Each structure stands twice: as C-alpha cells, then as structure tokens.
Amino acid sequence: MRRGSVFQLVVISLLAAGIATALALIPAWLPEEASHEAGRINFVFWFVTAICIAIFAIVAAITVYAVLKFRASPDDEEDGPPIHGHTGLEIAWTAVPAVLVTAIGVVSAVVLARNSDAGPNPLRVDVLGQQFAWSFTYPQQNNVTSGHLRLPVGRSVELHFQARDVIHSFWVPQFGQKQDTVPGLETTLVITPKKLGTFPVVCTELCGLGHAAMRTQAVVMPQAEFDAWIRERSQGGEGARDPGLAVFDSAGCGSCHALAAARSTGETGPELNDLAARAEDAGEPLEAFVRESIVEPDAHIAEGYQAGVMPKTFADLPREQLDALVKFLVDSSRSREE
Ligand code: CUA
C-alpha cells in the first residue's frame with residue numbers, strides 16, 4: 001500500500017512539474033539576450049525558476065493526493081486524529097528552504113559582483129538624462145556626443161549617469177539591467193554587448209509629461225564600424241554635421257519636437273517647421289523669438305500646448321551651443337520659406 005502511494009505521489013508531481021516547465025519554457029518570457037550581463041541575470045532567473053518548479057511539484061502532488069485520498073464523507077462529523085508533529089519532517093522543511101535560499105543568495109552575489117566588474121579597459125560613456133531625452137558623450141573619443149547610444153560589440157562599457165532635472169531610469173531590456181539617473185549623484189552601469197543589432201533605450205521612471213517619449217536607440221556595431229562612426233563624428237572629420245543640428249540632437253530637442261530639417265518626429269511639444277509664421281504672430285523678429293522660446297519657454301505658448309511643460313534648463317546651454325542651435329532653427333525655417 002505504501003509503495004502504491006509513493007508511486008502515485010511521484011506520478012502526480014512529475015505531471016505538475018511537466019506542466020509548470022512547459023509554461024516556463026514555451027512562451028518567450030524574457031527579451032533577447034544581448035549582453036553578457038543579461039546572460040548572467042537570466043541564469044539566476046532560471047536557477048530560481050527551477051527551484052520553484054521542484055517545490056511546486058512536491059506541494060501540488062501532496063495536495064492533490066490528500067484531496068483524493070483523505071476526503072471526508074458528507075456525513076462524517078468526527079474530529080480528525082490529533083497530531084503532535086513530526087520532528088524529522090520539521091527539520092527537513094526548515095533545512096531544505098534554508099539551503100535553497102542560501103544558494104540563491106550566493107549565486108546572486110556572484111552574478112552581481114561579475115556584472116559590476118568592467119575589467120581593466122572599459123569604454124567610458126557619459127549618459128545625461130533630462131526631460132525628455134538621453135544624450136551620450138564619449139570622453140575618450142574627443143567628447144563625441146550623440147542622441148543614440150552606439151557601442152562596439154564584445155567590449156565592456158562603463159556608463160556614467162547624470163540627471164539634469166529629475167530622476168530618470170535607463171533601461172535597455174535586451175541588456176538586462178536598469179539604472180536610475182539622479183540629480184547630484186553619479187551612478188554607473190556596466191554593459192558588455194554580445195549581439196549586433198539595434199535595441200530600444202527607454203526611461204522607466206515617470207519623469208513628466210514627455211516620459212513616454214523619452215526613448216532612443218542603442219546600436220551595437222562591429223568595432224571597425226564604431227571606429228569609423230567616431231571618426232565621422234569627431235570635430236573636423238568627414239561628414240561633420242551642422243553644429244546646430246548636433247546640439248538639437250544632443251540636447252534632445254527632437255524627442256519632443258518635430259522638425260523636418262532634423263528628421264525628428266516628437267509630439268510632446270509644438271512642431272518647429274513654421275517658426276517664421278509663429279514669430280510673426282508673436283510680433284517678434286524670428287531670431288529673437290527662437291532664442292527667447294529656448295531660454296524662456298513660457299514666454300510664448302503655442303496654441304494647444306501648456307505652459308510649464310518644456311524644461312527651463314536649456315537656458316544653461318553653453319553660449320556657443322545656444323547660438324549654433326538658434327542659427328540652425330532660424331536657417332531651417334528660412335530655407336523652408338524660400
Ligand atoms: Cu525620463 Cu521618464
């Protein structure tokens with residue numbers, strides 16, 4: 001009889017484990033694994049999942065078996081037999097979870113330590129989060145600045161985060177980690193991309209009206225392509241861009257404003273294609289109107305938009321960047337009119 005019970009318990013627990021395993025494996029729960037750090041985090045995830053499936057199978061088997069075997073008949077009004085505990089069982093259900101939780105703790109600690117180790121020669125990227133855009137600066141590569149995060153495949157990257165205004169949070173799902181950017185505090189994150197491709201960069205901390213638009217891309221490319229891109233972006237290099245367009249991109253204007261000349265499509269703020277007409281409505285010369293709208297965003301509010309949405313931080317742009325930006329916006333507006 002006992003042997004029959006054990007056999008039944010084993011069959012039920014294998015069945016439960018099979019169903020749980022299928023549910024864990026068949027839908028693609030996790031994003032594509034594009035960094036070594038994500039691989040390690042996923043290992044911890046699967047390690048914990050395997051433990052959970054084993055425990056679920058045992059609990060499910062005992063529950064189902066007990067319901068089927070020890071069901072009281074409808075007219076049974078008796079108390080159950082008094083039970084005074086079972087020392088062996090109690091030791092087991094204390095010791096086994098203690099061992100499992102310790103194992104999870106050790107595995108997690110090892111993964112955390114390895115994931116925060118950037119190695120001897122990481123590529124450094126300074127990341128600035130601001131309402132409502134990311135910008136990336138490469139201090140070891142002539143301070144090249146970009147609105148996209150470009151990374152060479154296979155090299156450890158150390159991201160250093162700063163926030164200009166409020167708390168944001170940097171997340172590339174395929175890289176497997178998040179990091180908050182906090183005003184007045186420098187935070188860091190190590191990423192070692194292992195797959196070529198383009199992945200979304202999203203802000204995962206509610207940071208204002210344009211939070212949902214605070215997105216850009218992380219592009220993982222071969223080292224040679226990355227080097228060529230750095231050369232192209234470096235000052236005076238071939239294909240150097242309009243300095244005002246560079247400011248438009250790096251300051252993140254395009255994440256909120258649509259402007260044909262910058263190929264941006266943001267919708268949080270008014271589009272910037274008809275600035276000349278709007279300056280006329282405001283009764284101001286075009287250049288003065290553009291400059292004022294950047295450094296003092298609430299001076300003129302476009303129809304259908306609210307005051308207090310555009311950050312006032314653009315008044316802090318270095319003088320030459322602000323001048324280049326104003327010139328770029330004025331030129332792009334004038335060239336449309338012609
Ligand atoms: Cu920045 Cu949400």
Side-chain angles (χ1 to χ4, degrees), residues 31 34-35 37-38 41 124-139 144-151 157-191 193 198-220 246-259 262-272 293-298 301-302 304-318 321-322 325:
S35 78
E37 290 75 15
I41 290 171
R124 177 175 171 148
V125 183
D126 293 339
V127 183
L128 178 68
Q130 61 174 314
Q131 292 170 317
F132 299 100
W134 297 105
S135 60
F136 306 93
T137 306
Y138 297 75
V144 162
T145 296
S146 168
H148 293 142
L149 175 60
R150 292 190 186 247
L151 301 174
V157 182
E158 196 167 54
L159 301 171
H160 290 248
F161 296 94
Q162 288 196 313
R164 178 169 277 166
D165 33 44
V166 298
I167 299 176
H168 304 273
S169 185
F170 175 93
W171 187 36
V172 176
Q174 289 80 359
F175 292 162
Q177 302 161 97
K178 288 177 181 173
Q179 181 57 277
D180 279 6
T181 74
V182 184
L185 193 74
E186 186 175 281
T187 49
T188 60
L189 183 66
V190 175
I191 292 171
T198 300
F199 309 104
V201 176
V202 289
C203 176
T204 63
E205 187 75 55
L206 183 61
C207 55
L209 201 67
H211 162 67
M214 191 165 165
R215 290 172 159 261
T216 183
Q217 291 176 327
V219 184
V220 179
V247 177
F248 189 89
D249 282 344
S250 65
C253 310
S255 65
C256 292
H257 295 284
L259 174 63
R263 281 187 254 151
S264 69
T265 54
E267 288 180 351
T268 305
E271 52 111 351
L272 305 177
S293 297
I294 295 169
V295 300
E296 211 181 300
D298 292 341
I301 298 300
Y305 294 88
Q306 291 173 10
V309 173
M310 176 161 157
K312 299 186 169 48
T313 44
F314 298 104
D316 305 334
L317 281 172
Q321 288 191 22
L322 183 60
L325 180 59

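One-based numbering, in listed order, for ligands and for the atoms of each. Keep in mind the model is a prediction, meaning the values are calculated, not measured.
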task = Please test Ile191 against Val172 for side chain to side chain contact (heavy atoms under 4.5 Å, CB included), starting from the C-alpha separation and ending with a verdict.
result = CA-CA 10 Å; Ile191 292 171; Val172 176; 5.6 Å; no

inquiry  = Parallel, tilted or perpendicular, judged at 30° and 60°: which one describes the rings of Phe170 and Phe136?
reply    = perpendicular

message = Taking atom CG as the centre, does Leu317 end up with more than 12 heavy-atom neighbours from other residues, nucleotides or ligands that are less than 6.0 angstrom away?
response = yes

ask   = To the nearest 10 degrees, how large is the angle at atom 1 (Cu) of ligand 1 between Cys203 SG and Cys207 SG?
value = 120°

query = Can you name the N, O or S atom of Glu205 that is closest to atom 2 (Cu) of ligand 1?
reply = O

request  = Please state whether the separation between atom 2 (Cu) of ligand 1 and some N/O/S atom of His211 is under 2.8 Å?
outcome  = yes

inquiry  = When you measure from atom 1 (Cu) of ligand 1 to the N, O or S atoms of Gln130, does any of those distances fall below 2.8 Å?
reply    = no

ask   = If atom 1 (Cu) of ligand 1 is the vertex, what is the angle to SD of Met214 and ND1 of His168, rounded to 10 degrees?
value = 90°

query = Does the side chain of Glu158 come under 3.5 Å of the side chain of His160 through a donor N or O and an acceptor N or O?
reply = yes

task = Answer yes when Asp126 and Arg124 have at least one side-chain N-carboxylate O distance shorter than 4.0 Å, and no when they do not.
result = yes

